[in-house]
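To start, the structure itself, in structure tokens.
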2 protein chains.
Amino acid sequence: MRRKEIIRPDLNPNVSVDCVIFGFDFQQLKVLLIEREGDFPDEKSRLALPGNLIYDDENLNMAVNRVLKELTGLDNIFLKQIGAFGGVDRISKETDKEWLRSIRAHPDARVITVAYYSLVRISDYLPAASSFAVTANWYNVDEIKDLAFDHYTILKTGLNQLRREISFRPIGFNLMPEKFTLGQLQRMYEAILGRSLDKRNFRRKIMKINILSATDEKEYDVPHKPAQYFKFNEANYKSLVETGFDNFSF
Amino acid sequence: MRRKEIIRPDLNPNVSVDCVIFGFDFQQLKVLLIEREGDFPDEKSRLALPGNLIYDDENLNMAVNRVLKELTGLDNIFLKQIGAFGGVDRISKETDKEWLRSIRAHPDARVITVAYYSLVRISDYLPAASSFAVTANWYNVDEIKDLAFDHYTILKTGLNQLRREISFRPIGFNLMPEKFTLGQLQRMYEAILGRSLDKRNFRRKIMKINILSATDEKEYDVPHKPAQYFKFNEANYKSLVETGFDNFSF
DNA sequence: AATACTTAGTGTAATTCGTACACTTTCAAA
DNA sequence: TTTGAAAGTGTACGAATTACACTAAGTATT
């Protein structure tokens with residue numbers, strides 16, 4: 001059986017990385033999508049996750065970090081693998097096939113993609129810094145109904161994993177600026193979880209966990225009682241982890 | 001940037017699937033490993049996860065199901081993807097490189113592997129039915145300290161994912177025979193979670209969840225009070241899922 | 001200056017869930 | 001008859017979860 005490896009090395013599958021880049025604008029959960037050139041039946045199907053084939057001298061981490069750097073100008077951003085998708089008939093949409101014929105040497109080769117999700121501060125993202133030859137924009141996650149290839153499946157899978165992960169680890173802080181109010185933090189959790197939370201219960205739990213430090217700054221110029229700003233306390237979180245604590249469900 | 005896709009299609013990475021096949025012998029959690037031929041410094045490094053390159057006309061699911069069928073003779077067994085591993089220097093152990101030179105046409109090509117874990121009833125596994133040209137055996141998971149390539153990392157990652165998943169979904173029943181005692185079920189949870197559980201608390205919760213049906217059969221010929229046999233009640237579990245229930249932590 | 005609007009900020013009570021803990025029963029083996 | 005081994009069973013305490021409503025402090029409007 002192992003001999004089959006010897007007689008079938010010729011046309012190996014291509015491997016790409018695709019990235020679900022989440023952001024948060026203090027209102028809704030956003031995803032960064034690229035708009036492809038060409039004729040597409042509707043806007044949805046011309047939108048795709050940013051991604052690219054991986055180079056021969058790269059490993060997976062290098063490839064996904066390169067794609068992110070090219071697109072957002074950012075290094076060292078939070079990344080987690082969603083998984084590998086696809087195979088021989090992953091690309092079934094006819095317009096996608098045509099598009100691939102226009103840009104790839106071997107358009108019929110199977111492409112297996114390894115997908116990641118990442119969490120970025122929208123304010124850090126500089127569209128102008130992008131070296132991507134395509135336009136990229138933020139879209140509300142809950143308004144996306146379809147995407148190119150199987151990217152909608154990847155988006156949904158990534159969102160489900162994010163929802164699960166965030167109740168074990170406070171990874172949502174990667175979406176927030178350094179200083180934030182408790183109201184903003186709660187809206188971030190609500191945007192990711194897709195449901196509203198009780199303000200008092202949320203505050204009691206986050207303060208009890210003790211991973212926030214109050215600053216002496218407040219909001220100003222807001223047409224309501226100004227809120228206090230807090231920071232994420234990395235050191236407190238680390239010592240919390242060492243106790244085995246992993247309950248961040250709200 | 002997209003143009004790079006055109007000028008770099010020549011040596012694409014190979015993609016393999018590897019499988020962490022878990023079993024349970026009513027005492028400990030087991031994993032099915034293959035023993036490679038050749039000279040290796042010790043027994044550990046000659047042991048590897050079963051796996052193979054994927055064919056050009058297969059997708060990932062077909063490939064992993066094929067590998068499982070070839071090795072175990074079993075179809076339709078529980079499978080969950082762990083993720084994609086590796087890249088250009090995934091294979092760093094010298095003995096592994098030598099072994100690959102002996103069996104592959106392009107031993108230096110990068111291999112990215114997509115790993116899965118599966119849960120099988122040990123009693124269903126028929127070693128004789130295997131068409132693999134290598135010997136395969138069950139090993140106690142907690143006695144494995146190292147494996148070929150990066151397979152030990154894959155095993156640990158898979159075990160961690162299994163531990164997390166089993167507290168949301170009762171997937172452990174895939175390891176059990178149709179009829180089992182509550183003691184056997186508890187030992188299965190203990191083997192996966194790696195810690196002992198309180199008998200009364202375990203029983204109270206599993207009975208409250210109401211996903212077991214009592215049979216009218218009992219153990220016999222056992223040197224202690226014979227235990228009642230239970231079955232997993234799929235229908236009850238399905239209606240439970242519809243309520244949104246997903247707390248299977250013990 | 002008064003009013004309206006908006007979000008910040010705060011406590012309590014009821015319920016459910018998690019956890020710790022010990023003795024009797026029933027079989028086979030000695 | 002005794003011994004050993006696992007089955008089977010209930011209670012009490014503390015922690016966590018949930019539901020719920022009013023006052024405070026700003027800006028904007030009139």
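The chains referred to below are lettered A, B, ... by the order of the sequence lines, with proteins before strands, and numbering in each begins at 1.
The two residues A:D18 and A:H151 make their nearest non-hydrogen contact at OD2-NE2, 3.3 Å.
Not a single donor-acceptor contact under 3.5 angstrom links the side-chain atoms of A:N247 to the base of D:dA16. Judged by distance alone, with hydrogens and angles left aside, B:K199 brings a side-chain donor or acceptor within reach of the base of D:dA7, the pair sitting under 3.5 Å. In this model, a side-chain donor or acceptor of A:R204 finds a partner on the base of C:dT12 within 3.5 Å.
Picking from D:dT17, C:dC27, D:dG26 the nucleotide with the shortest atom distance to the side chain of B:P226 gives C:dC27. Across C:dT10, D:dT9, C:dG18, the shortest atom-to-atom separation from the side chain of B:R203 is found for D:dT9. Distances from the side chain of A:R200 to the nucleotides D:dG26, D:dA7, D:dA21 place D:dA21 closest.
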Working note: A:E217 + A:K179, criterion salt bridge (Lys or Arg N to Asp or Glu O under 4.0 Å); need CA distance, chi angles, decisive distance, verdict.
CA-CA 9 Å; A:E217 293 173 64; A:K179 294 167 185 171; 2.5 Å; yes
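At the heavy-atom level, B:D198 lies under 4.0 Å from base atoms of the strands shown. Residue A:K205 is in sugar-phosphate contact alone, with no base atom involved, counting any heavy-atom pair closer than 4.0 Å across all strands shown.
Per the geometry, OH belonging to A:Y220 stands 23 Å off P belonging to C:dT6, to the nearest Å.
Residue order along DNA chain D, read from the 5' end via each residue's closest nucleotide, puts B:Q184 first among A:N201 and B:Q184.
The six-membered or imidazole ring of B:F248 lies away from that of B:F168, with a centre-to-centre distance of 6.0 Å or more.
For the pair A:K218 and D:dA25, the criterion of a side-chain N or O lying under 4.0 Å from OP1 or OP2 is not met.
Residue A:F180 forms a ring-ring contact (aromatic ring centres under 6.0 Å, His included) with just one option from A:F173, A:F230, A:F232, and that option is A:F173.
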